[in-house]
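This is a predicted model, so every value here is computed, not measured. The basis for the numbers below is simple: all heavy atoms, side chains too, and nothing from hydrogens, waters or symmetry mates. Count residues from 1 along the sequence.
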Amino acid sequence: KSYYTNCTNANNNVLTGGVVHPTDTNLHLYRGSADVAVILKPLYEFYQDIRVLGVYFANSGAGSVVSFPASVSNGKSSYKSIGCDWSIAMNSSVHLENILSNEERQRCHTKGAKVPSREYNPLERSWCRDQALNPNKSHISGPYLDAFAEDLWIMTIGRAAYDRITGKFIACTLADVDVLRLTKVVTDVKIGNTSQVTLVKWSDGTVIASSQLGPISTNEAYTVSNPKLGLDVNKFNEVKLLVNSTDELDLEKFTKEATYRNGDKLISHYPIQFSSINIYDSNHYPEFMIIISIDIAEEFSNVEGNHEIKSYREIVVQTLVVGIAGSVVIVIIIFAVSMHVTRPLQRMNNIGGDIINNIGSAHNDDQDNNIHHTKCFSL
């Protein structure tokens, strides 16, 4: 067993923040992390579909992580940095000030750099960027490849934490869901022998989970243009136009107009929206779309002899009722994680501010001397 060249205990010294990018804030974050762990553990144990929960601190641009459950990287994994130029944007809480200072941005890797996970910085990940730039809402990001495990595709739910007093950006919060879990869910949904269920992002048609495609096996996520899905991309875009920012969504009307025939398949779409379940919000669009396909021959055979069916349109509606009812399982998983978990995660906003403002006053120097220094990641 070997260790990274020239890596010593100094690289893992929480008192200084390490050797690569030492910061004055790392020690204070370490001292206050016990307060965060009190929240993370029960949340993780209660929500079985969560893979990882954590608070990912800016730490003066160097990044710092408190997560549950604890894990050790083998040092071989890596990720592609998006850089930190995005932080030049003005802080929405403190106008006339950037989210990160010039000095803090210098601690980030450059855009496009391949970064070993031992130098992980959450500020270089798109999910954290999106939270920091839009702090007043919960974000569902992905699917994307995990930075610490090879070939692991995940979805991330969370929101940014800003200091209540100074308005400074403190951290991003995270709840990870394994895409394989969602793939199993959609695979288990059955309308008929030929039915397929696909969950996609509303914004760009990225496939999150599909009973037809199975687990993601490439370096890029699938999209609705994948020929194996047998979908009409133009129709997908037309369906999205049925939702606009001026009229409240009529689900019954949408259901009828968002169903079409493509070859020998009956294709139907259904929007999934979370933040506007009961209240219409003109600024909100659905986050996801469920797409259900079934052989027309099978569907007609299912309703053969049913004299109450008067038209092809009624057959379509009946199909959707069955399909969407089964797909509610998917909605429950993502909705429960994004809404119920991020509510207590909002409390971390307050804790994050307290950690910075209180400077770990409850600890003394004797305790600091007993800090356990871990070895560098093994190669």
Side-chain angles (χ1 to χ4, degrees), residues 17 20-21 23-26 28-29 54-66 79-115 119-145 147 154-176 201-204 206 221 245 274-275 281-285 287 338 342 345-357:
V20 178
H21 290 302
T23 67
D24 294 332
T25 52
N26 194 78
H28 310 318
L29 294 173
V55 182
Y56 291 64
F57 293 100
N59 189 24
S60 302
S64 182
V65 178
V66 179
Y79 67 94
K80 186 177 181 180
S81 170
I82 66 166
C84 288
D85 288 346
W86 59 265
S87 64
I88 297 175
M90 289 298 174
N91 188 325
S92 59
S93 300
V94 183
H95 302 292
L96 304 179
E97 186 175 307
N98 300 128
I99 294 177
L100 295 179
S101 68
N102 289 331
E103 180 183 359
E104 290 171 334
R105 283 195 295 276
Q106 295 302 313
R107 294 190 172 101
C108 295
H109 296 91
T110 58
K111 182 178 180 179
K114 184 178 180 180
V115 183
E119 297 179 16
Y120 182 79
N121 187 339
L123 300 174
E124 301 165 0
R125 303 292 276 168
S126 59
W127 62 267
C128 188
R129 172 201 62 195
D130 294 344
Q131 289 185 26
L133 292 176
N134 300 279
N136 297 319
K137 59 176 289 189
S138 296
H139 294 264
I140 304 177
S141 305
Y144 63 90
L145 283 167
I154 54 178
M155 296 289 293
T156 289
I157 300 95
R159 64 186 304 161
Y162 278 75
D163 190 288
R164 294 169 299 162
I165 299 174
T166 66
K168 294 279 290 184
F169 172 57
I170 300 296
C172 295
T173 58
L174 170 150
D176 274 349
K201 294 178 70 173
W202 180 278
S203 59
D204 58 8
T206 298
S245 60
F274 300 129
S275 59
D281 180 357
S282 62
N283 295 316
H284 175 72
Y285 284 85
E287 283 88 353
S338 63
T342 53
L345 283 181
Q346 292 177 33
R347 184 183 166 197
M348 293 180 185
N349 188 324
N350 300 336
I351 291 177
D354 292 341
I355 290 174
I356 296 297
N357 293 321

Main chain of Ala113, side chain of Thr110: is a donor-acceptor contact present, judged purely on distance under 3.5 Å? no
Spacing of CD1 belonging to Ile157 relative to NE2 belonging to His139, to within rounding of 0.5 Å: 12.5 Å
How long is the straight-line distance from OH of Tyr144 back to OG1 of Thr156, given to the nearest 0.5 Å? 2.5 Å
Does the side chain to side chain contact (heavy atoms under 4.5 Å, CB included) test come out yes or no for Ile82 and Arg129, once each step is laid out? CA-CA 9 Å; Ile82 66 166; Arg129 172 201 62 195; 3.8 Å; yes
Please report the closest heavy-atom contact between Asn98 and Ser87, naming both atoms and the distance. CB-O, 3.6 Å
How far does SG of Cys84 sit from CZ of Arg107, to the nearest 0.5 angstrom? 11.5 Å
For a side chain to side chain contact (heavy atoms under 4.5 Å, CB included) check, start with the C-alpha distance between Ile99 and Tyr162, then their side-chain angles and the critical distance, and finish with the verdict. CA-CA 10 Å; Ile99 294 177; Tyr162 278 75; 4.0 Å; yes
About how many Å separate CD of Glu124 and CG of Asn121, when rounded to the nearest 0.5 Å? 4.0 Å
Candidate pair Ile170 and Val55, rule side chain to side chain contact (heavy atoms under 4.5 Å, CB included), full reasoning: CA-CA 10 Å; Ile170 300 296; Val55 182; over 6 Å; no
Who passes ring pair (Phe, Tyr, Trp, His ring centres under 6.0 Å) against Tyr79, sequence neighbours left out? Tyr120
Which label fits His21 and His109: parallel for a plane angle under 30°, tilted from 30 to 60°, or perpendicular past 60°? perpendicular
Heavy-atom closest pair (Pro143 atom, Ala221 atom, distance to 0.1 Å) is CG-CB, 4.1 Å
Just by modelled atom types, is the Leu123 backbone N or O under 3.5 Å from a matching donor or acceptor in the Tyr56 side chain? no
As a test of understanding, state which of Leu100, Asp24, Thr25, Leu29 forms a side-chain contact (heavy atoms from CB on, under 4.5 Å) with Ser60. Thr25
Determine, stepwise, if the pair Thr173 / Gln131 fulfils side chain to side chain contact (heavy atoms under 4.5 Å, CB included). CA-CA 9 Å; Thr173 58; Gln131 289 185 26; 4.2 Å; yes
Which pair of heavy atoms, one from Thr23 and one from Ala62, lies closest together, and at what distance? CG2-CB, 3.7 Å
Rounded distance (nearest 0.5 Å) linking atom CG of Asn134 with atom CZ of Arg159: 11.0 Å
At their closest point, which heavy atom of Cys128 faces which heavy atom of Phe169, and how far apart are they? SG-CZ, 4.3 Å
What is the minimum heavy-atom distance between Ser64 and Pro122, and which atoms define it? N-CD, 4.3 Å
Sub-3.5 Å donor-acceptor pair from the side chain of Lys201 to the main-chain atoms of Gly142, do we have one? yes
Find the distance between CG (Leu174) and CH2 (Trp127) and round it off to the nearest 0.5 Å. 4.5 Å
